[in-house]
Amino acid sequence: MRLKLLAIIGLLFVGGIAVFMTLGGLPSGAAAATTFLTSTAAVADVTDDVAATGAIASATSWALVFGAAPGSTAASQTGSPATWLVGEVKVKVGDRVTKGAVLATATNATLRAAVTTAANGVSTATIQLATAQDARDAATTTANIRRTRIDLLNARDGLAQAKANLADLKAQLARSSLVAPADGIVTAVNVTTGAEAPTADAIDLAAATFQVTANVVESDVATLQIGQAATVTVAAIDADLTGTVTAIAPVAEDSSSGGVVSYAATVALNAPPAALRPGMTADVTITTASASGVLAVPAAAIRGTSGNYNVLVLAAAAGAPESRPVDVGLMTSSLVEIKSGLNAGDVVVTGTSSQQRAGTTNANQGGGTFVVPGGGGGGFRGPGN
């Protein structure tokens, strides 16, 4: 009987608490309050950018072959007649060289003999041309005039061909030394002193200028333009570099990986450090739009749609924020340029959060936050909070 009595008393007590709270028995400070998260309109630089990842590569490479002009790629080239005998190799893989430096030398006896033969051929063709000219001048009949004219034209062609052949052989002979066409890094040495040189690459050289080719997703590629500035971070050497977009691929890369369509964008690097090496991973950020020294607010403060944007402005003494129309400029995911409608120092609402308050919250208490009294009130959070 006593237990039943205690249970009834307990139920009455709980019910009384519920009625008490319904009638506002708890202090007003314990009610739920809405806190406005805010920021201050201020002058800043607003930039929009595209991020991608790529690999460092030399801007140009050359395949150096004895007797041939430097190639722009590492593709094999046709060498000179017979073989070249390597005289001296002055570099090794990894060496940095300057433009005009001699990297290796060689001789080619067969080529030298071919030059002498070609010179004799020019002399012979010159005599043949003179003979044909004399015959043409002496011709009197129609038949002889026609025949000697043909002989004269053939002699002229023969002399021109002989001179071109001699010039080509002399040019090859003049390339008995491999010379660096630009500042660069030796990437391959395929010759040895005293041995025959290969008809393909003897020495490969990579330019000391570098670039990054990164794949930009299709949703961003329309914002890219040649000449845009870029920043390049190379974590391997803890370097932050600058560069410029020099090429944008017109055709998409292979999208077999995850079905993502992307386009290759090439960024030429400015003043690369000596520690930079081809193949290093680089994070690329390309600036696609910018507005410097403009009034700006966080993107979270912007409300409405294009042509009808507004922000909520909160004055310290106000009980609730007021909506104010604004004219915007450059809009990014973090900041928005404000052309008109706000002044520097205006406090704008960027969001709200609810909190349970057990007592009175004073303005600027707790790192710059205040709660406006009343269930529909608000609060202020200083910049940076």
Side-chain angles (χ1 to χ4, degrees), residues 44-64 69-75 89-104 177-191 201-217 220-221 223-249 253 262-293 332 334:
D45 295 336
V46 182
T47 60
D48 202 7
D49 50 51
V50 169
T53 301
I56 300 294
S58 294
T60 312
S61 63
W62 295 272
L64 305 180
S72 58
T73 66
V89 179
K90 299 185 177 184
V91 294
K92 62 183 182 300
V93 173
D95 284 353
R96 288 182 174 269
V97 298
T98 58
K99 181 179 180 179
V102 176
L103 312 182
S177 296
L178 300 183
V179 178
D183 294 353
I185 303 171
V186 177
T187 57
V189 176
N190 302 317
V191 290
D201 308 358
I203 292 178
D204 289 342
L205 185 69
T209 54
F210 292 93
Q211 64 185 25
V212 180
T213 299
N215 290 332
V216 177
V217 296
D220 291 333
V221 72
T223 64
L224 298 185
Q225 293 181 12
I226 301 298
Q228 287 175 333
T231 57
V232 179
T233 300
V234 184
I237 58 173
D238 192 24
D240 291 323
L241 312 175
T242 61
T244 305
V245 177
T246 57
I248 304 169
E253 297 291 306
S262 59
Y263 294 78
T266 301
V267 175
L269 301 183
N270 304 325
L276 195 65
R277 292 289 184 273
M280 289 182 173
T281 301
D283 294 322
V284 181
T285 302
I286 302 171
T287 301
T288 57
S290 63
S292 301
T332 72
S334 57

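Only heavy atoms go into these numbers, but all of them, side chains included; no hydrogens, no water, no symmetry mates.
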| note | Taken to the nearest 0.5 Å, the spacing of I185 CD1 from R96 CZ works out to 3.5 Å
| query | What distance separates D49 CG from S290 OG, expressed to the nearest 0.5 Å? | reply | 10.5 Å
| query | Closest approach of P272 and A208, non-hydrogen atoms and distance? | reply | CG-O, 3.9 Å
| task | May I have the step-by-step check of side-chain contact (heavy atoms from CB on, under 4.5 Å) for K92 and V186, ending in yes or no? | result | CA-CA 7 Å; K92 62 183 182 300; V186 177; over 6 Å; no
| note | So CD1 of I248 and CD1 of I286: to nearest 0.5 Å the spacing works out to 7.5 Å
| T187 side-chain N/O to D204 backbone N/O, donor-acceptor pair under 3.5 Å | yes
| task | Quick one: closest heavy-atom pair of T98 and A180, and the distance? | result | O-CB, 3.5 Å
| query | Between V284 and V232, which heavy-atom pair has the shortest distance, and what is it? | reply | CG2-CG2, 4.3 Å
| said: Taking salt bridge (Lys or Arg N to Asp or Glu O under 4.0 Å) as the definition, give me every residue that meets it alongside D183, ordered by chain and number, with sequence neighbours left out. | reply: none
| note | CG of L269 to CG of L241, rounded to nearest 0.5 Å, is 6.0 Å
| Nearest-0.5 Å distance that lies between atom CG in D220 and atom CG in N215 | 12.5 Å
| note | Heavy-atom closest pair (V191 atom, A202 atom, distance to 0.1 Å) is CG1-CB, 3.6 Å
| remark: Applying side chain to side chain contact (heavy atoms under 4.5 Å, CB included) to T53 and not counting sequence neighbours gives T281, D283
| request: Mind checking the OG1-CD spacing from T223 to Q228? Nearest 0.5 Å is all I need. | output: 6.5 Å
| query | Just by distance, do the side chain of S177 and the backbone of V179 share a donor-acceptor pair under 3.5 Å? | reply | no
| If you take all heavy atoms of A236 and M280, which pair is closest and at what distance? | CB-SD, 4.2 Å
| query | If only atom types and distance count, is the side chain of N190 paired as donor or acceptor with the main-chain N or O of D201 below 3.5 Å? | reply | yes
| query | Going by the side chain to side chain donor-acceptor pair (under 3.5 Å) test, which pairs reach into residues 231-248, not counting sequence neighbours? | reply | T233-D240, T242-N270
| task | Tell me, with the steps shown, if L224 and T288 meet side-chain contact (heavy atoms from CB on, under 4.5 Å). | result | CA-CA 6 Å; L224 298 185; T288 57; 4.0 Å; yes
| said: Using every non-hydrogen atom in the two residues, find where A104 and I203 come nearest and quote the distance to one decimal. | reply: CB-CD1, 4.0 Å
